[in-house]
Structure formats: structure tokens, C-alpha cells
Amino acid sequence: MVHNGIEYGDMQLICEVYNIMKDILKMSNDEIADTFDEWNKGTLDSFLIQITADILRFKENDKYVLDSIRDSAGQKGTGKWTGIASLEYGVPVTLIGESVFARCLSSLIDERGRASTQLKGPNVQSFDGDKKQFIEYLGQALYASKIISYAQGFMLMREAAKQYGWKLNYGSIALMWRGGCIIRSVFLGNIKSAYDKNESLENLLLDSFFTDAINKCQQGWRKVIATATVYGIPIPCLSTALAFYDGYRAKRLPANLIQAQRDYFGAHTYELLDKPGEFIHTNWTGHGGNITASTYTH
Ligand code: 3PG
């Protein structure tokens with residue numbers, strides 16, 4: 001299930017960079033295919049990147065087949081299953097979730113057609129930046145987001161293992177996914193090495209190989225997201241990956257305010273930073289008494 005969820009994420013990430021190359025950089029199918037071929041020689045080397053290059057070049061009757069395929073994605077449900085499990089176990093597997101919703105949004109094809117005649121996007125000039133540099137940034141954004149997606153998938157398995165008392169061998173799982181699977185890639189070997197180094201690794205992002213990789217990609221990743229946003233190109237997976245990264249590395253998040261709001265309207269109580277485990281209620285309005293909600297859930 002997690003393999004297939006990750007597959008959904010990888011596919012959507014590839015679609016987002018394809019969209020950017022096509023609609024912002026105005027690249028032809030062959031140019032995009034050449035870029036994927038180039039990426040396939042490095043850290044992004046994978047079956048999905050390789051078939052994407054083949055698909056982009058494929059012609060029938062002198063016409064690119066890809067360009068006449070209806071942009072409404074189907075699904076048999078394994079990505080949705082991963083999303084449901086993530087919500088069930090309370091694990092922020094945001095990228096796979098977004099990839100499922102991106103397919104759902106694509107399938108509203110008639111409604112989108114009608115909306116496109118009324119809802120305006122930004123008014124922007126054609127791209128006049130350094131195209132070669134930006135393509136490099138795109139590769140970095142794809143790689144960094146992929147790291148986040150796999151880290152999230154492994155977080156889900158780790159939580160399930162905790163809840164069911166399973167002893168999972170995460171390195172072997174990564175290795176297994178290299179054998180004939182849709183997500184087979186060089187990258188899975190790096191995941192295997194991370195778990196070989198430390199089998200109780202708390203999160204893939206904390207392995208030095210992945211920490212360094214994200215650091216190297218970070219500038220390009222942010223530039224791609226900023227540019228796509230300015231141009232009005234939808235990038236649900238690239239952007240949720242970065243939002244997750246910025247949230248995961250944050251010592252402080254604004255959830256203190258959520259707790260205060262919950263306590264204000266529902267007397268749901270909150271904990272103080274220096275007294276975790278002790279739940280208190282504040283009478284925020286001066287009326288309404290000191291009654292607290294009877295159940296507390298994180
Ligand atoms: C597959 O064929 O690899 C999976 O079943 C995914 O299929 P789907 O994209 O139709 O869900």
C-alpha cells in the first residue's frame with residue numbers, strides 16, 4: 001500500500017515539473033524528454049523518469065500521443081488507501097494525500113472547463129530568466145520533494161509498526177521496492193544505506209546523506225515553488241513537500257494559538273511549555289465558568 005502511495009506521489013511530482021517546463025519555460029516535448037533523460041543519469045535515475053521521457057517522445061501519425069490524452073486521471077484506490085491510513089494513524093503523509101487529491105481535481109474536467117472561462121490567473125510576462133539554471137532548480141525541487149515523500153511513507157510504516165508491535169526491516173523494504181516495482185530507482189539504494197547505518201533512524205531526513213541532499217537542493221526548490229506560484233501553475237506536491245519540511249524543522253509552530261482557540265471556544269484545555277502533561281483551562285472571557293471538556297485528544 002505504501003509503495004503504491006509513493007508511486008502516486010512520484011508520478012504527480014513528475015507531472016508538476018512537466019507542467020512547469022511546458023507552461024512556464026515553453027519547452028517542447030522533445031526538450032522535456034531530453035531533460036528527463038539527463039536527470040535519469042543522476043540522482044533521479046528511476047523507472048518512472050525513464051518511461052516519462054519515452055512517453056513524451058512517442059508519436060503516432062506524426063503527432064505526440066501525450067498531447068491528445070484527456071487530462072483526467074483515474075485511480076484504482078491504493079493511493080487513497082494510503083491517505084486514509086495516514087489520517088487514521090495521525091501521520092502527516094501530506095504529499096501522497098495531495099497526489100490523490102490532484103487526481104480527484106483533474107477528474108473534474110468538465111467543471112474545470114467551465115471555471116477556466118471565469119476564474120482569472122495572474123497576469124505575468126513570459127519567462128525571461130536563465131532557463132538552463134531554472135531547469136537545474138527543477139531537478140533539485142523534484143529530488144527534494146521525493147525525499148520528503150519517501151520520508152513520510154516510512155513515517156507511516158514506523159507508526160504502524162509501533163501500533164501493531166511489528167519489527168520492520170526498513171532497509172529491506174527499500175531494497176524490495178527496487179525489484180521490478182514501479183518506483184524502482186537508484187534513490188532506494190540510498191534509503192537502504194541510511195537504515196544500514198542506523199536501523200532505528202527516527203526519520204530519513206535525519207540521515208546525513210538526506211540532510212545534505214536537501215540542503216543542496218533547498219535554494220532551487222524554493223525558487224521553483226515561488227516561480228510556479230507567481231505564474232499560477234498548480235504544484236500541490238512540490239509545495240506541500242516544502243511546507244512539510246519547514247514544519248518538521250520548526251522548533252516552534254503556531255499550534256499554541258490553536259490550543260488557545262480550542263480552549264477559548266470549547267474549554268478543551270492546553271499544556272504549558274514548561275509543564276507538559278498538565279492540562280489547564282483559562283477562563284478567557286471572564287464568564288462561562290471553569291468547566292473543561294471531558295476528553296482530550298492530541
Ligand atoms: C498499479 O497499477 O501500479 C497500481 O495498481 C496503481 O494503479 P492506479 O494508478 O490505477 O491506482
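Atoms within each ligand, like the ligands themselves, are counted from 1 in listed order.
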Kindly indicate, with the supporting measurements, whether the criterion side chain to side chain donor-acceptor pair (under 3.5 Å) is fulfilled by N198 and D207.
-> CA-CA 8 Å; N198 176 7; D207 171 73; over 6 Å; no
So F134 and Y137, would you call those rings parallel, tilted or perpendicular, with 30° and 60° as cut-offs?
->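 Answer is perpendicular, since the angle exceeds 60°.
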How are the rings of F187 and Y150 set relative to one another: parallel (under 30°), tilted (30 to 60°) or perpendicular (over 60°)?
-> perpendicular
Do any N or O atoms from the side chain of T211 and from the backbone of L205 form a donor-acceptor pair under 3.5 angstrom?
-> yes
Can any side-chain N or O of Y231 pair as donor or acceptor with the backbone N or O of Q125 at less than 3.5 Å?
-> yes
Is it true that E7 lies under 4.0 Å from ligand 1, counting heavy atoms only?
->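 The answer is yes: ligand 1 sits under 4.0 Å from a heavy atom of E7.
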Proximity flag G77 to ligand 1, non-hydrogen atoms under 4.0 Å |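 True for this residue.
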Closest protein heavy atom (residue, atom, distance) for [atom]:
{"atom": "atom 4 (C) of ligand 1", "result": "N4 ND2, 3.3 Å"}
{"atom": "atom 9 (O) of ligand 1", "result": "R103 NH1, 2.8 Å"}
{"atom": "atom 11 (O) of ligand 1", "result": "Y8 OH, 2.5 Å"}

Can T282 and Y270 be said to form a side chain to side chain donor-acceptor pair (under 3.5 Å), step by step?
-> CA-CA 9 Å; T282 289; Y270 59 87; 2.4 Å; yes
If you count the atoms of ligand 1 from 1 in the order shown, which ones are under 4.0 Å from a heavy atom of Q75?
->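 Going through ligand 1 atom by atom, the ones under 4.0 Å from Q75 are 10 (O), 11 (O).
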Best match, M11, K76, K80, H3: closest heavy atom to atom 10 (O) of ligand 1 = K76
